[in-house]
2 protein chains.
Amino acid sequence: MTTPNARLTQAGYSALAEFRYILRRFLEFSEESARRAGLTPRHHQALLAIKGYGRGQPITIGELAERLRIRHNTSAELANRLCENGLVTRSQDNEDQRRVLLQLTSLAEERLADLSNAHVDELARIKPMLERVLAEYP
Amino acid sequence: MTTPNARLTQAGYSALAEFRYILRRFLEFSEESARRAGLTPRHHQALLAIKGYGRGQPITIGELAERLRIRHNTSAELANRLCENGLVTRSQDNEDQRRVLLQLTSLAEERLADLSNAHVDELARIKPMLERVLAEYP
DNA sequence: TTTTATATGTCGTATTACGATACATCAACC
DNA sequence: GGTTGATGTATCGTAATACGACATATAAAA
(Lines give C-alpha, C1' and ligand atoms only; values in the text may rest on other atoms or scores of the structure.)
Protein backbone atom coordinates (compact mmCIF):
# COMPACT_ATOMS: atom_id res chain seq x y z
CA MET A 1 0.00 0.00 0.00
CA THR A 2 0.98 3.61 -0.28
CA THR A 3 2.44 5.74 2.46
CA PRO A 4 0.71 9.04 1.79
CA ASN A 5 2.58 10.98 4.44
CA ALA A 6 6.01 10.39 2.99
CA ARG A 7 6.77 13.21 0.55
CA LEU A 8 9.13 12.43 -2.26
CA THR A 9 12.25 14.54 -2.64
CA GLN A 10 13.16 16.16 -5.93
CA ALA A 11 15.72 13.41 -6.38
CA GLY A 12 12.94 10.87 -5.84
CA TYR A 13 10.88 12.35 -8.66
CA SER A 14 13.92 12.53 -10.92
CA ALA A 15 14.67 8.88 -10.28
CA LEU A 16 11.12 7.86 -11.18
CA ALA A 17 11.30 9.99 -14.33
CA GLU A 18 14.69 8.57 -15.24
CA PHE A 19 13.46 5.01 -14.80
CA ARG A 20 10.63 5.63 -17.24
CA TYR A 21 13.02 7.36 -19.63
CA ILE A 22 15.33 4.34 -19.68
CA LEU A 23 12.31 2.10 -20.27
CA ARG A 24 11.15 4.28 -23.16
CA ARG A 25 14.55 4.16 -24.79
CA PHE A 26 14.67 0.40 -24.42
CA LEU A 27 11.19 -0.02 -25.88
CA GLU A 28 12.14 2.33 -28.68
CA PHE A 29 15.22 0.25 -29.42
CA SER A 30 13.06 -2.85 -29.42
CA GLU A 31 10.47 -1.39 -31.78
CA GLU A 32 13.04 -0.12 -34.23
CA SER A 33 14.86 -3.45 -34.22
CA ALA A 34 11.62 -5.27 -34.89
CA ARG A 35 10.70 -3.00 -37.79
CA ARG A 36 14.17 -3.37 -39.30
CA ALA A 37 13.63 -7.14 -39.12
CA GLY A 38 10.35 -6.72 -41.02
CA LEU A 39 8.09 -7.27 -38.02
CA THR A 40 5.68 -4.96 -36.26
CA PRO A 41 6.61 -4.50 -32.59
CA ARG A 42 3.44 -6.34 -31.59
CA HIS A 43 4.27 -9.29 -33.79
CA HIS A 44 7.76 -9.44 -32.36
CA GLN A 45 6.42 -9.44 -28.81
CA ALA A 46 3.91 -12.14 -29.69
CA LEU A 47 6.65 -14.34 -31.12
CA LEU A 48 8.78 -13.84 -28.03
CA ALA A 49 5.86 -14.61 -25.73
CA ILE A 50 5.11 -17.80 -27.65
CA LYS A 51 8.76 -18.87 -27.73
CA GLY A 52 9.33 -18.06 -24.08
CA TYR A 53 6.19 -19.76 -22.92
CA GLY A 54 6.79 -22.77 -20.70
CA ARG A 55 9.33 -25.15 -22.17
CA GLY A 56 8.55 -24.56 -25.81
CA GLN A 57 5.08 -26.04 -25.66
CA PRO A 58 2.41 -24.46 -27.89
CA ILE A 59 0.32 -21.63 -26.48
CA THR A 60 -3.40 -20.88 -26.75
CA ILE A 61 -5.02 -17.61 -27.76
CA GLY A 62 -6.06 -16.94 -24.19
CA GLU A 63 -2.66 -17.67 -22.70
CA LEU A 64 -1.02 -15.42 -25.27
CA ALA A 65 -3.45 -12.68 -24.30
CA GLU A 66 -2.46 -13.02 -20.66
CA ARG A 67 1.27 -12.91 -21.39
CA LEU A 68 0.85 -9.83 -23.57
CA ARG A 69 -1.65 -8.27 -21.15
CA ILE A 70 -4.21 -7.72 -23.87
CA ARG A 71 -7.85 -8.83 -24.20
CA HIS A 72 -8.49 -12.24 -25.65
CA ASN A 73 -10.29 -10.83 -28.68
CA THR A 74 -7.25 -8.68 -29.46
CA SER A 75 -5.14 -11.81 -29.14
CA ALA A 76 -7.38 -13.63 -31.63
CA GLU A 77 -6.96 -10.80 -34.15
CA LEU A 78 -3.23 -10.80 -33.54
CA ALA A 79 -3.06 -14.56 -34.15
CA ASN A 80 -4.85 -14.04 -37.47
CA ARG A 81 -2.27 -11.53 -38.66
CA LEU A 82 0.62 -13.69 -37.47
CA CYS A 83 -0.84 -16.57 -39.45
CA GLU A 84 -1.32 -14.48 -42.57
CA ASN A 85 2.28 -13.35 -42.35
CA GLY A 86 3.53 -16.92 -42.11
CA LEU A 87 4.89 -16.50 -38.59
CA VAL A 88 2.73 -18.96 -36.69
CA THR A 89 0.66 -22.04 -37.44
CA ARG A 90 -2.68 -22.77 -35.86
CA SER A 91 -4.00 -26.14 -34.82
CA GLN A 92 -6.89 -27.43 -32.76
CA ASP A 93 -6.19 -28.78 -29.32
CA ASN A 94 -7.31 -32.42 -29.41
CA GLU A 95 -8.12 -32.43 -25.72
CA ASP A 96 -10.31 -29.32 -25.95
CA GLN A 97 -11.77 -28.49 -29.34
CA ARG A 98 -12.37 -24.88 -28.31
CA ARG A 99 -8.69 -24.21 -27.94
CA VAL A 100 -6.44 -23.02 -30.75
CA LEU A 101 -2.75 -23.84 -30.41
CA LEU A 102 -0.15 -21.50 -31.84
CA GLN A 103 3.37 -22.50 -32.84
CA LEU A 104 6.21 -20.58 -34.47
CA THR A 105 7.20 -21.28 -38.06
CA SER A 106 10.85 -21.62 -38.94
CA LEU A 107 10.70 -18.14 -40.48
CA ALA A 108 9.59 -16.75 -37.13
CA GLU A 109 12.25 -18.73 -35.31
CA GLU A 110 14.96 -17.19 -37.49
CA ARG A 111 13.78 -13.64 -37.12
CA LEU A 112 13.24 -14.02 -33.41
CA ALA A 113 16.70 -15.48 -32.90
CA ASP A 114 18.41 -12.47 -34.46
CA LEU A 115 16.20 -10.00 -32.64
CA SER A 116 16.67 -11.73 -29.33
CA ASN A 117 20.44 -11.66 -29.60
CA ALA A 118 20.27 -7.94 -30.21
CA HIS A 119 18.00 -7.53 -27.20
CA VAL A 120 20.32 -9.46 -24.94
CA ASP A 121 23.12 -7.11 -25.93
CA GLU A 122 20.99 -4.05 -25.36
CA LEU A 123 19.85 -5.30 -21.97
CA ALA A 124 23.44 -5.92 -20.96
CA ARG A 125 24.19 -2.35 -22.01
CA ILE A 126 21.42 -0.68 -20.04
CA LYS A 127 21.64 -2.98 -17.03
CA PRO A 128 23.96 -0.65 -15.06
CA MET A 129 21.59 2.28 -15.60
CA LEU A 130 18.59 0.25 -14.52
CA GLU A 131 20.37 -1.01 -11.43
CA ARG A 132 21.48 2.47 -10.48
CA VAL A 133 17.89 3.70 -10.56
CA LEU A 134 16.51 0.60 -8.84
CA ALA A 135 19.03 1.14 -6.03
CA GLU A 136 16.76 4.00 -4.93
CA TYR A 137 14.20 1.52 -3.68
CA PRO A 138 14.43 -0.72 -0.63
CA MET B 1 26.71 -5.08 -31.59
CA THR B 2 25.08 -8.45 -31.87
CA THR B 3 26.83 -11.79 -31.72
CA PRO B 4 24.91 -13.68 -34.38
CA ASN B 5 26.63 -16.99 -33.77
CA ALA B 6 25.56 -17.27 -30.15
CA ARG B 7 22.23 -19.08 -30.04
CA LEU B 8 19.98 -18.37 -27.15
CA THR B 9 18.88 -21.25 -24.97
CA GLN B 10 15.23 -21.83 -24.16
CA ALA B 11 15.92 -20.30 -20.74
CA GLY B 12 17.34 -17.25 -22.50
CA TYR B 13 14.14 -16.73 -24.46
CA SER B 14 12.04 -17.29 -21.36
CA ALA B 15 14.06 -14.68 -19.49
CA LEU B 16 13.56 -12.12 -22.25
CA ALA B 17 9.83 -12.89 -22.32
CA GLU B 18 9.61 -12.70 -18.55
CA PHE B 19 11.36 -9.33 -18.50
CA ARG B 20 8.80 -7.91 -20.92
CA TYR B 21 5.99 -9.49 -18.95
CA ILE B 22 7.16 -7.77 -15.75
CA LEU B 23 7.42 -4.50 -17.64
CA ARG B 24 3.88 -4.89 -19.00
CA ARG B 25 2.49 -5.54 -15.54
CA PHE B 26 4.30 -2.51 -14.18
CA LEU B 27 3.06 -0.29 -17.01
CA GLU B 28 -0.43 -1.68 -16.49
CA PHE B 29 -0.25 -0.84 -12.81
CA SER B 30 0.91 2.64 -13.70
CA GLU B 31 -1.88 3.22 -16.21
CA GLU B 32 -4.58 2.02 -13.89
CA SER B 33 -3.24 4.14 -11.04
CA ALA B 34 -3.22 7.19 -13.28
CA ARG B 35 -6.80 6.61 -14.44
CA ARG B 36 -7.97 6.14 -10.87
CA ALA B 37 -6.36 9.49 -10.07
CA GLY B 38 -8.33 11.07 -12.92
CA LEU B 39 -5.41 11.34 -15.34
CA THR B 40 -4.72 9.69 -18.66
CA PRO B 41 -1.50 7.66 -18.57
CA ARG B 42 0.09 10.09 -21.00
CA HIS B 43 -0.79 13.06 -18.83
CA HIS B 44 0.66 11.33 -15.82
CA GLN B 45 3.91 10.62 -17.62
CA ALA B 46 4.10 14.19 -18.84
CA LEU B 47 3.67 15.52 -15.31
CA LEU B 48 6.37 13.18 -14.03
CA ALA B 49 8.74 14.16 -16.84
CA ILE B 50 8.19 17.84 -16.08
CA LYS B 51 8.59 17.39 -12.35
CA GLY B 52 11.64 15.19 -12.67
CA TYR B 53 13.34 17.46 -15.19
CA GLY B 54 16.58 19.00 -13.95
CA ARG B 55 16.17 20.59 -10.53
CA GLY B 56 12.57 21.66 -10.83
CA GLN B 57 13.23 24.19 -13.57
CA PRO B 58 10.51 24.66 -16.20
CA ILE B 59 10.67 22.55 -19.36
CA THR B 60 10.09 23.42 -23.00
CA ILE B 61 7.84 21.62 -25.47
CA GLY B 62 10.84 20.20 -27.25
CA GLU B 63 12.57 18.97 -24.13
CA LEU B 64 9.35 17.34 -22.97
CA ALA B 65 9.14 15.59 -26.33
CA GLU B 66 12.65 14.25 -25.90
CA ARG B 67 12.00 12.97 -22.37
CA LEU B 68 8.79 11.27 -23.49
CA ARG B 69 10.36 10.05 -26.74
CA ILE B 70 7.59 11.53 -28.86
CA ARG B 71 7.62 13.98 -31.76
CA HIS B 72 7.60 17.65 -30.93
CA ASN B 73 4.22 18.19 -32.56
CA THR B 74 2.75 15.46 -30.39
CA SER B 75 4.31 17.20 -27.41
CA ALA B 76 2.68 20.48 -28.42
CA GLU B 77 -0.73 18.81 -28.62
CA LEU B 78 -0.11 17.16 -25.27
CA ALA B 79 0.80 20.52 -23.70
CA ASN B 80 -2.49 21.94 -24.98
CA ARG B 81 -4.52 19.23 -23.28
CA LEU B 82 -2.53 19.51 -20.06
CA CYS B 83 -3.24 23.24 -20.08
CA GLU B 84 -6.95 22.75 -20.74
CA ASN B 85 -7.13 20.32 -17.83
CA GLY B 86 -5.49 22.79 -15.49
CA LEU B 87 -2.41 20.67 -14.96
CA VAL B 88 0.27 22.94 -16.40
CA THR B 89 0.75 26.62 -17.12
CA ARG B 90 2.44 27.97 -20.23
CA SER B 91 4.69 30.99 -20.44
CA GLN B 92 7.05 32.45 -22.99
CA ASP B 93 10.75 32.14 -22.43
CA ASN B 94 12.05 35.72 -22.18
CA GLU B 95 15.43 34.73 -23.52
CA ASP B 96 13.98 33.00 -26.57
CA GLN B 97 10.53 34.03 -27.65
CA ARG B 98 10.05 30.83 -29.63
CA ARG B 99 10.19 28.71 -26.54
CA VAL B 100 7.19 27.83 -24.42
CA LEU B 101 7.87 26.99 -20.79
CA LEU B 102 5.68 24.50 -18.95
CA GLN B 103 5.20 24.35 -15.20
CA LEU B 104 3.01 22.19 -13.00
CA THR B 105 0.00 23.66 -11.25
CA SER B 106 -0.62 22.86 -7.61
CA LEU B 107 -3.40 20.51 -8.71
CA ALA B 108 -0.89 18.57 -10.77
CA GLU B 109 1.61 18.58 -7.91
CA GLU B 110 -0.93 16.99 -5.60
CA ARG B 111 -2.01 14.29 -8.01
CA LEU B 112 1.56 13.51 -8.99
CA ALA B 113 2.66 13.24 -5.35
CA ASP B 114 0.08 10.56 -4.57
CA LEU B 115 0.76 8.68 -7.78
CA SER B 116 4.50 8.80 -7.29
CA ASN B 117 4.29 7.39 -3.79
CA ALA B 118 2.28 4.49 -5.15
CA HIS B 119 4.84 3.95 -7.88
CA VAL B 120 7.72 3.92 -5.44
CA ASP B 121 5.95 1.18 -3.51
CA GLU B 122 5.26 -0.81 -6.64
CA LEU B 123 8.85 -0.48 -7.82
CA ALA B 124 10.09 -1.69 -4.46
CA ARG B 125 7.75 -4.65 -4.83
CA ILE B 126 8.87 -5.72 -8.29
CA LYS B 127 12.55 -4.87 -7.79
CA PRO B 128 13.51 -8.45 -6.80
CA MET B 129 11.82 -9.85 -9.90
CA LEU B 130 13.56 -7.34 -12.15
CA GLU B 131 16.92 -8.03 -10.59
CA ARG B 132 16.46 -11.76 -10.92
CA VAL B 133 15.85 -11.40 -14.65
CA LEU B 134 18.61 -8.83 -15.12
CA ALA B 135 21.04 -11.23 -13.45
CA GLU B 136 20.90 -13.21 -16.73
CA TYR B 137 22.98 -10.54 -18.43
CA PRO B 138 26.68 -9.78 -17.94
C1' DT C 1 19.31 41.80 -45.21
C1' DT C 2 19.02 37.34 -46.82
C1' DT C 3 19.48 32.75 -45.52
C1' DT C 4 19.33 28.95 -42.63
C1' DA C 5 18.21 26.66 -38.44
C1' DT C 6 15.34 26.06 -34.51
C1' DA C 7 10.85 25.90 -31.80
C1' DT C 8 6.18 25.41 -31.85
C1' DG C 9 1.60 24.75 -33.96
C1' DT C 10 -2.26 22.64 -37.17
C1' DC C 11 -4.56 19.10 -39.61
C1' DG C 12 -5.74 14.78 -41.80
C1' DT C 13 -4.69 9.94 -41.55
C1' DA C 14 -3.71 5.34 -40.07
C1' DT C 15 -2.98 2.10 -36.69
C1' DT C 16 -4.75 -0.70 -33.15
C1' DA C 17 -6.78 -2.08 -28.88
C1' DC C 18 -11.06 -2.20 -26.96
C1' DG C 19 -16.24 -3.07 -25.83
C1' DA C 20 -20.09 -5.40 -27.27
C1' DT C 21 -21.61 -9.27 -29.09
C1' DA C 22 -21.91 -13.92 -31.08
C1' DC C 23 -20.95 -18.71 -31.48
C1' DA C 24 -18.92 -23.16 -30.36
C1' DT C 25 -17.45 -26.37 -27.00
C1' DC C 26 -16.96 -28.16 -22.45
C1' DA C 27 -18.50 -29.27 -17.61
C1' DA C 28 -21.85 -29.97 -14.12
C1' DC C 29 -25.94 -31.41 -12.42
C1' DC C 30 -30.57 -33.03 -11.88
C1' DG D 1 -28.74 -37.29 -21.35
C1' DG D 2 -30.55 -32.92 -22.03
C1' DT D 3 -30.36 -28.26 -19.76
C1' DT D 4 -27.62 -24.70 -17.78
C1' DG D 5 -23.70 -22.14 -17.06
C1' DA D 6 -18.81 -21.39 -17.90
C1' DT D 7 -15.04 -21.08 -21.01
C1' DG D 8 -12.45 -20.22 -25.49
C1' DT D 9 -12.37 -17.98 -29.74
C1' DA D 10 -14.09 -14.82 -33.36
C1' DT D 11 -16.24 -10.52 -35.61
C1' DC D 12 -17.27 -5.79 -36.07
C1' DG D 13 -17.70 -0.89 -35.22
C1' DT D 14 -15.59 2.74 -32.59
C1' DA D 15 -12.42 5.72 -30.18
C1' DA D 16 -8.02 7.26 -28.97
C1' DT D 17 -3.69 9.05 -30.30
C1' DA D 18 0.80 9.47 -32.35
C1' DC D 19 2.55 10.47 -36.62
C1' DG D 20 3.83 12.78 -41.26
C1' DA D 21 3.38 16.74 -43.84
C1' DC D 22 3.12 21.17 -43.68
C1' DA D 23 2.92 26.04 -41.74
C1' DT D 24 4.43 29.90 -38.86
C1' DA D 25 7.45 32.55 -35.82
C1' DT D 26 11.76 33.66 -33.92
C1' DA D 27 16.68 33.34 -33.69
C1' DA D 28 21.35 33.00 -35.48
C1' DA D 29 24.57 33.24 -39.25
C1' DA D 30 26.24 34.90 -43.60
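Residue numbers start from 1 in every chain, and the chains themselves are labelled A, B, ... in the order their sequence lines are given, proteins ahead of strands.
A straight line from CZ of A:R99 to P of C:dC26 spans 10 Å, rounded to a whole angstrom. Per the geometry, CD1 belonging to A:I70 stands 13 Å off C1' belonging to D:dT9, to the nearest Å. Between the C1' atom of D:dA16 and the NE2 atom of B:H43 lies a distance of 11 Å, rounded to the nearest Å. To the nearest angstrom, C1' of D:dA18 lies 8 Å from CZ of B:R42. The separation between B:R90 atom CZ and C:dT8 atom P is 9 Å, rounded to whole Å. Taking atom CZ of A:R81 as the reference point, atom P of D:dA10 lies 13 Å away to the nearest angstrom. Between the C1' atom of D:dA18 and the CG atom of B:L78 lies a distance of 11 Å, rounded to the nearest Å. As a whole-Å value, the separation of A:E66 CD from D:dT9 P is 13 Å.
For B:A76, counting side-chain heavy atoms from C-beta on, the closest listed nucleotide (C:dG9, C:dC26, D:dA10) is C:dG9. Among C:dT8, D:dC19, D:dT9, the nucleotide with an atom closest to any side-chain atom of A:H72 is D:dT9. Comparing atom distances between the A:E77 side chain and each of C:dG9, D:dG13, D:dG8 picks out D:dG13 as nearest. Closest to the side chain of B:Q97, out of D:dA27, C:dC18, D:dA18, is D:dA27. Checking D:dA27, D:dT9, C:dT8 against the side-chain heavy atoms of B:D96 singles out D:dA27 as nearest.
The residues B:E32 and B:R35 are annotated as not salt-bridged, no charged nitrogen and carboxylate oxygen being separated by less than 4.0 angstrom. A salt bridge does not link A:R81 to A:E84: none of the charged nitrogens lies less than 4.0 Å from a carboxylate oxygen. Note on B:R132 versus B:E18: no salt bridge recorded, every NZ/NE/NH1/NH2 to OD/OE distance being 4.0 Å or above.
Residues A:R35 and A:N94 each lie close to DNA chain C; by heavy-atom proximity, the contact nearer the 5' end of the strand is made by A:R35.
Side-chain atoms of A:R98 come within donor-acceptor range of the base of D:dT7, with a qualifying N/O pair under 3.5 Å. For B:N73 against D:dG20, a side-chain N or O and a base N or O form a donor-acceptor pair under 3.5 Å.
No side-chain heavy atom of B:L68 sits under 4.5 Å from any side-chain heavy atom of A:Y21.
B:R71 has a side-chain polar atom (N or O) that falls below the 4.0 Å cut-off from OP1 or OP2 of D:dG20. Phosphate proximity of C:dT10 to B:N80: present, with a side-chain N or O under 4.0 Å from OP1 or OP2.
Note on B:S75: nothing from the nucleic acid sits closer than 4.0 angstrom, heavy atoms only.
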Derivation and outcome, side-chain hydrogen bond (donor to acceptor under 3.5 Å, both in side chains), residues A:H119 and A:S33: CA-CA 9 Å; A:H119 278 70; A:S33 303; 5.1 Å; no
